[in-house]
Q: 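This is the structure I want to talk about, given as structure tokens.
In each ligand, atom 1 is the first atom listed, and ligand 1 is the first ligand listed.
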Amino acid sequence: MATSDASGSNFIERVIAEDLAGGRFGNRVVTRFPPEPNGYLHIGHAKSICLNFGLAAEHAGGRCHLRFDDTNPAKETVEYVDSIMADVRWLGFDWADRLYYASDYFEQLYQFALHLIAQGKAYVCNLSADQVKSYRGTLTECGKNSPCRENSMAENLDLFQRMRAGEFADGSYVLRAKIDMTSPNLNMRDPVLYRIRRESHHRTGDTWCIYPMYDYTHPISDALEGITHSICTLEFEDHRPFYDWVLDNLPVPCHPQQIEFARLNLSYTVMSKRKLLELVDKAHVRGWDDPRLPTIAGLRRRGFTPEAIRNFAELIGVAKRESTVDMALLEYCLREDLNKRAKRVMAVLRPLKVVISNYPENQVEELDAENNPEDPGMGTRKLPFSREIWIEQDDFREDPPKKFFRLSPGKEIRLKHAYYIRCDEVVKDAKGGIIELRCSYDPESRGGWSKDGRKVLGTSHWVSAAHAVDAEVRLYDKLLSVANPAEEKEARDFKEYLNPNSLEILKGCKVEPGLAAAKPGELFQFLRQGYFCLDSDSTPEQLVFNRSVTLRDSWVKIEKTQQDK
Ligand code: ATP
Ligand code: MG
């Protein structure tokens with residue numbers, strides 16, 4: 001996990017501190033978050049956002065730019081641009097007036113390409129994409145020079161200008177850097193700088209039919225914006241020599257330092273935008289904000305808070321070595337946050353009717369219930385109690401196993417905030433299915449305590465049947481049924497590992513009446529069930545809640561170990 005030294009700083013912070021101490025870059029720290037708008041952001045991006053904006057915030061006058069790396073119009077859309085801005089803001093970060101688009105540099109990038117050609121450092125090549133690939137060689141074999149490599153500068157200038165003017169078909173020519181086809185680093189074997197692509201761009205329209213490659217665009221964008229530290233993921237380590245080559249060979253205003261760190265991998269889910277897009281496009285999920293996805297939009301809809309995600313990013317830290325973080329850690333961060341702030345309420349997910357025979361018909365009492373034992377400042381509310389209530393089916397067993405501390409025939413439990421009840425009778429239908437329980441209550445135990453101090457088995461949540469509001473509740477489980485498809489013995493498509501039970505929809509759940517006024521996104525702890533939030537699909541007629549995360553359920557564990565014996 002995190003590699004931090006005694007002062008608690010990570011290796012990137014140490015590099016920056018050394019640079020500042022040595023007077024490099026003046027006294028400035030300027031970072032950037034550079035997403036390509038070809039999908040929604042995911043939790044891995046959140047790590048990068050927290051890191052880049054965090055580093056800028058740690059230094060007086062530090063800044064972090066939001067820059068869209070929009071050089072591949074075929075896959076990029078305004079919808080993605082908008083969603084990315086919304087997600088970064090929601091995470092709690094502010095780029096102020098530092099919003100940039102690589103596409104704003106298209107003219108400058110083109111001029112720099114002319115400069116490289118004029119310096120004899122770039123040439124137009126007519127090899128097809130496949131030929132470029134086969135001429136490149138391999139890790140063990142040198143590459144071969146392109147037949148175009150020694151063309152004259154005048155010829156290259158002419159061809160490149162005509163590429164821009166739209167005289168050639170897509171794919172007929174590319175502009176390449178002239179570096180070294182024998183370099184041990186494949187990225188230095190005359191990489192492609194420009195390609196012809198007739199594709200409308202979401203910002204520049206049809207102005208361009210040639211588009212610069214990411215590896216060429218990125219260092220120049222960084223330099224033009226005065227970035228000091230260009231932080232990216234480990235797979236770009238081998239690209240750094242080219243990053244530096246571009247900047248060393250152009251009259252750019254500065255030369256940022258590229259620093260690589262290990263990307264975040266999470267168990268039981270997928271993170272690449274390509275795979276996420278596939279799940280959305282093929283309707284394996286309900287959209288980019290499906291609460292099962294690790295997208296920021298999905299996590300938000302599921303009930304995650306920016307605080308929980310930022311804390312998660314802090315806990316995992318940054319390292320130089322790849323690792324996989326357990327999903328449980330992300331869930332832990334959410335529980336920690338919601339424990340402090342979520343209002344406790346009662347909701348019965350799988351209802352079982354209880355009739356309290358000795359409770360007066362038509363009587364309704366208003367009982368006091370605390371909203372959060374962790375925070376008395378959150379106050380109390382009134383809960384209606386009456387003769388018929390709902391309890392959880394799981395809270396009753398006709399044949400209780402050992403250590404079942406809930407309701408069973410002849411046994412007594414406490415109803416949270418209410419009374420003790422004892423089960424007197426189990427009413428069944430013709431097939432033996434349980435329809436309802438007949439119980440009696442102890443009027444002396446109001447508030448859930450008895451003067452004689454007798455012990456009851458356990459405490460159940462409940463909702464008054466006459467006052468309950470119906471709700472749909474969506475329970476989510478892991479997206480994949482294996483921690484990491486790549487580690488499975490058989491190499492199968494990741495979609496074959498989708499967990500068929502990742503979504504369970506419960507209808508006819510009974511929630512306490514106050515929840516009718518909940519607002520989308522509002523978070524609650526359903527006592528003993530977990531944390532839930534109101535989904536945006538919710539209407540006043542049909543409440544819909546998402547389970548954000550479970551509470552740890554000790555009973556499941558006990559039952560399991562009993563079965564195992
Ligand atoms: P993906 O592979 O998921 O499509 P990407 O790297 O292509 O992601 P970009 O939009 O290019 O997505 O990423 C923007 C920034 O976020 C980059 O600096 C990238 O390094 C960083 N980033 C992307 N994925 C992760 C991750 N899993 N962990 C940490 N940082 C990430
Ligand atoms: Mg990318």
Q: Do the rings of Phe160 and Tyr194 sit parallel, tilted or perpendicular, given the 30° and 60° boundaries?
A: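 Perpendicular.
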Q: Counting only heavy atoms, tell me which of Gly44, Pro35, Gly39 gets closest to atom 26 (C) of ligand 1.
A: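 Among Gly44, Pro35, Gly39, the closest heavy atom to atom 26 (C) of ligand 1 comes from Gly44.
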Q: Tell me whether the rings of Phe25 and His229 are parallel (<30°), tilted (30 to 60°) or perpendicular (>60°).
A: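 It falls in the perpendicular class, over 60°.
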Q: Can you tell whether the side chains of Arg240 and Asp244 come within less than 4.0 Å, N to carboxylate O?
A: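 So Arg240 does not pair with Asp244 through a salt bridge.
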Q: I'd like to check which ligand 1 atoms, numbered from 1 as shown, lie under 4.0 Å from a non-hydrogen atom of Pro34.
A: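 Here the atoms of ligand 1 in question are 14 (C), 18 (O).
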Q: Relative to each other, are the rings of Tyr214 and Phe236 parallel, tilted or perpendicular (30° and 60° limits)?
A: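 Geometry flag for Phe236 against Tyr214: tilted rings.
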Q: When you measure from atom 6 (O) of ligand 1 to each heavy atom in Lys273, Glu36, Arg263, Lys47, which option holds the nearest one?
A: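 Nearest heavy atom to atom 6 (O) of ligand 1 lies in Arg263.
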Q: Run the contact test for Arg274 against ligand 1 with a 4.0 Å cut-off on heavy atoms, strictly below, and give the result.
A: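 Not so, Arg274 does not reach ligand 1.
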Q: With Ile296 as reference, evaluate Val88, Ile43, Leu91, Ile84 under the side-chain contact (heavy atoms from CB on, under 4.5 Å) test and give the passing residue.
A: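 Among Val88, Ile43, Leu91, Ile84, the one that satisfies the side-chain contact (heavy atoms from CB on, under 4.5 Å) with Ile296 is Leu91.
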Q: Flag this pair as yes if the NZ/CZ of Arg547 is under 6.0 angstrom from the six-membered ring centre of Tyr531 and inside a 45 degree cone about the axis; otherwise no.
A: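 Because its charged atom misses either the 6.0 Å distance or the 45° angle limit, Arg547 does not stack over Tyr531.
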Q: Just to be sure I'm reading this right: ignoring hydrogens, which of Leu264, Asn52, Asn265, Leu51 gets closest to atom 27 (N) of ligand 1? Compare them by their nearest heavy atoms.
A: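 That would be Leu264.
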Q: Out of all atoms in ligand 1, which are within 4.0 Å of some heavy atom of Ser272? Include the element for each.
A: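 Once the distances to Ser272 are compared, the set is 3 (O).
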Q: If you measure every N/O of Arg32 against every N/O of ligand 1, is any gap under 3.5 Å?
A: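 No.
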Q: Tell me whether Glu235 has any N or O atom under 3.5 angstrom from an N or O of ligand 1.
A: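 In fact, backbone or side chain, Glu235 has no N or O that close.
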Q: Does an N or O anywhere in Met271 fall below 3.5 Å from an N or O of ligand 1?
A: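 Min N/O separation from ligand 1 is below 3.5 Å for Met271.
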Q: If you count the atoms of ligand 1 from 1 in the order shown, which ones are under 4.0 Å from a heavy atom of Thr233?
A: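 It comes down to these atoms of ligand 1: 20 (O), 29 (C), 30 (N), 31 (C).
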Q: Closer than 4.0 Å to some heavy atom of Phe33 - which atoms of ligand 1 meet that?
A: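 Answer for ligand 1: 14 (C), 15 (C), 16 (O).
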Q: Any carboxylate oxygen within less than 4.0 angstrom of a Lys/Arg side-chain nitrogen, looking at Arg149 and Asp190?
A: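 Result for this pair is yes, salt bridge flagged.
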Q: For Tyr40, is the NZ or CZ atom of Lys273 found under 6.0 angstrom from the centre of its six-membered ring and inside 45 degrees of the ring axis?
A: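 The answer is no, since Lys273 fails at least one limit relative to Tyr40.
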Q: State the atoms of ligand 1, each with its element, that fall below the 4.0 Å cut-off from a heavy-atom position in Phe261.
A: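 Taking each heavy atom of Phe261 in turn, ligand 1 has 29 (C), 30 (N) under 4.0 Å.
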